[in-house]
Chemist: 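I have a structure here, written as structure tokens, and I will follow up with some questions on it.
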Amino acid sequence: MADSLAPAMDTAIGTLRKRFSLKLSLSSIPVLAWLVLIVLLPNLLLIGTSFLKSSAGVMLFEPSLANYARIWNSVGFWVLLGRTLSFSFIACVVATVIAYPLAFYVGRVVRQHKTLFTILVVIPLWISLLMRIFAWRVILGQSGVLNAFLVSSGILDGPSDAFLYSPSSVVIVFAYISVPFIFISTMGAFEKIPRDLIEASQDSGATALQTFIHVIWPLTRRNLAIGFSLAFLVTVGDFVTPAMIGGIDGTTLGVVVSTQFGFANNWPYGAAVAVALMLSVAVLLGIIIALTPSRGVMVGGEAEHSTEPPAASSRWGRRLGATGYAAGLAYLYAPLAIIVLFSFNAPNLQTFPLEGLTLQWYRELVQDQSLLEAAQRSVIVAVCVVSVSVTVGTSFALIIHYARLKGARFYEMAFALPIATPGVVLGIEMVLGTELFGIPSGITRIVFGQMSFVMPVTLLLLLVRLRRLDPSLMEASLDLGANRWQSFAYVLFPIIRGTIVASAFLGLTLSADDVMVTLFLSGGSPTLPIWVFNQMRFGFTPSVNAVFSILLIACLLVVTVAHWRTTRKAAKAPG
Amino acid sequence: MGTLETGPVLSLAGVSKTYEGAEKPALDKVSFSVKPGEFFSILGPSGSGKTTILRTVAGFERPDKGEIVMAGEVVNAVPAFKRDVRTVFQSYALFPHLTVRENVEYPLRMRGEPKASRQKKAEEALALVELSAFSARLPHQLSGGQRQRAALARSIVSRPKLLLLDEPLAALDLRLRQQMQHTLVALQKELGIAFMYVTHDQGEALSMSDRVVVLHEGKIAQLATPREIYFAPENEFVSRFVGRSNLIAVDFKSEGNSFVGTVDGTTIPGLVSQRGGAARMAIRYEAVQIKPIRDVMPPQDALQGTVDDVLFLGTNCEVNVRCGAGLHVIGTVPTSREMTFFKGQPVQVGFDLEHTQVFYG
């Protein structure tokens, strides 16, 4: 998702400066309709709502600036804003320190099994956000793994409560969430630097450090900024993490917005806070993008050589890189492994050492009626969301690419908007949108809400694939007497089928894993992650460990099968 | 190009290199020297090891065996950025985020030259390749030929003793390629820098070089001047790779105290050897004489055949003659308005034996 977004966002930034004209043609009508209904309208509703008043939980349709005045004069708001932005910013900086060298290592040093190295870092993106948060709660908690270790090794006299429910715990988890985003975005840039450029720099007498400063950094900083921004947006819109492990000092604006749309029930104020948050984020990210200019275009002849093995590096550097990579993986996977371990642990406590193996928690799952219902709901939602998203996404991608719509880059940017919207904001936008059309809360609402971000992911992935296609393939097919439909069925579809399947899998995990948007839409009929979230809010049940372990294994299976399929196909292909 | 009294700028002594995972060596005991100010070409088909030579000299690969000597010192272990050689990459490898002038200044900046002198030298180098007007552009705003010249300017700006060129003209179209050949030769003479030019195009190698080394499967097939390579190829590979030649099976039969060659049963007068048996004769298209048979009784000692096809090439025609089963001989004849060969015409074929090489085994 991040790797397809990066070029899209980058070109979008360029397009903003140019003037574009939209030509309304027949084929663009469905595309425009989607944009208006699912992108434009909810945003306008959000802004509109923020200018309304609220009295005792009822919205009053009187335009007013009261909410903004309240925000402006509230010291608490500014403190929270500063805290929210700095949590995400510090977390992204920490994640950059980890992910940038990792990306360098995988992108430029690793020669064999590069895909596997990449996938291993990215997999956590597919793994339930709740599980990742929960894992850190287990590690940082008062009776958690970290405390147990510190006490048993004699560093601390007694367990400390300083780790959990603090700003630092929020930053730790945000950084943990951010690493894969920054990694995948920068990896692409590292990989794209042709070997020739590095060698030309060495040939010109540049030392390794000079080459880094004058060639590698200027060619990767924009992608780093994009990965940074994505991670920033994801974490800034995450209200689950601060709510679960932040404690009082770890609260963020995302939590404020979600409570205004939850039990505080003041929608206009929540909307105004969301708008203020969005504006601040936009300004901050604008500055970051402006600070990392990208100049020039990689010319075809230079990019061709990028598939060659990267320049030889010293054995010492190679070992150091491998050690660093292993450490990175340990950081990414250790928390997950702990959860799986505890799911087989007999006692009701999350502490080491483990006491006795049991399958009790798995047995309990099968007997829990509400859980089974939630799981069933998740499956129904995922199937609906994925099938609609893949169909619509594929046809929109074909329309945008082949109908030569003017301002194709504009469409791309507009569709990317929901993905770039912080989760909590997208969630309330979808509440407003579905409320307007009288769609009842529950499965239908969830399906609409999730489609708003799953469909664009499908669309962008397919657009990237279509752009990489040799344009003369379709022309060749038409030239050989096939009509448009035949050309699609016999030439285009077989080529893009892999991407369609991949985007379906990605959509599946995005849908099945979503909390941010779904929480606002589910009402009394939770999906599986919402059910888990509720369980976690009302105290701990070990069966949550078991749910997570099953989800983790399912996710790993999907990724392994997908990876195995693509490598097998690559092995079959001649040459 | 008079040879100066100093030693070679570059010597390779028994350099061997096998890539990881490869069975055959990319380079197999290659030895040669490049003199100061020389235009030296490495010619060979793809996979012959010519790029490997260039990369070992530039410092991007290390030889397994042998020594690379520059200015009297073994440089095997010296990293690329400390060697006094510059490379013009096949892809040009211009830094996409730097302007043409910043690209050209790059090597000077790396060794810490002050800005003023950097700029002056860059302007000079750009003027040399007639690119001054484009110094503020980014590489993607240039045409292929301009990019090529920018890369050239970047590599000569620091006046290295040796310049490596990796098929620099491969991506250009024919007209530009011919034009750049003249530019390169003129530039090389003007700067007095030794050029080591890697190419698979024999025309480029022959037209520009002082000396050419022909590579075949990691070994030197021949090292000589372009004329020697063209007129006196030392082996079958060189004769086939350089120029356009027929390779004709010859049988040498004992006659007196020497051996006389027969082609397809016809004795070729003047084709004599000190060794008997089957061999192959390499003869260039232009050394083949083709005459129409007008007499009723053609001479016994001339090879005869019928014209299979004729290619009109402007100044010349290439005539493909079939002389019996499986033997085709191609010859070039000057074009004339009045006379031409036609398919099916009976002809006799003669050989200008002065430029013929015979290979046994």
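Throughout, a chain's letter reflects where its sequence line sits, starting with A, and its residues are numbered from 1.
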Chemist: Quick check for you: to the nearest 0.5 Å, what is the distance between A:Q202 atom CD and B:K82 atom NZ?
Modeler: 12.0 Å
Chemist: Check whether B:R154 gets within reach of chain A through its side chain, its backbone, both or neither, counting any heavy atom under 4.5 Å.
Modeler: side chain
Chemist: Would the number of heavy atoms belonging to other residues, nucleotides or ligands and lying under 6.0 Å from CD of B:E124 be above 12?
Modeler: yes
Chemist: Does atom CZ (A:F89) have a neighbourhood of more than 12 heavy atoms from anything else shown, all under 6.0 Å?
Modeler: no
Chemist: Which heavy-atom pair separates A:L197 from B:F95 by the least distance, and what is that distance?
Modeler: O-CE2, 3.3 Å
Chemist: Of all the heavy-atom pairs spanning B:Y106 and A:S201, show the shortest one and how long it is.
Modeler: OH-OG, 2.6 Å
Chemist: How about B:R62: does its CZ atom have over 12 heavy atoms from other parts shown lying under 6.0 Å from it?
Modeler: no
Chemist: Residues of residues 98-106 of chain A under 4.5 Å from chain B (heavy atom pairs)?
Modeler: none
Chemist: Using a cut-off of under 4.5 Å for heavy-atom pairs, which of B:L138, B:T99, B:T87 has the most such pairs with chain A?
Modeler: B:T87
Chemist: Who pairs with A:R295 by salt bridge (charged side-chain N to carboxylate O under 4.0 Å, His left out), at least two apart in sequence or on another chain?
Modeler: B:E102
Chemist: What I'd like to find out is whether the side chain of A:R195 reaches to under 4.5 Å of the side chain of B:F60, using heavy atoms alone.
Modeler: no
Chemist: Using salt bridge (charged side-chain N to carboxylate O under 4.0 Å, His left out) as the criterion, list what pairs up with B:K24, not counting sequence neighbours.
Modeler: B:E217
Chemist: With a cut-off of 6.0 Å (strictly less than), are more than 12 heavy atoms of other residues, nucleotides or ligands near NZ of B:K121?
Modeler: yes
Chemist: So if I take each residue of residues 204-211 of chain A and look for any heavy atom under 4.5 Å from a heavy atom in chain B, which residues do I end up with?
Modeler: A:S204, A:G205, A:A206, A:T207, A:Q210, A:T211
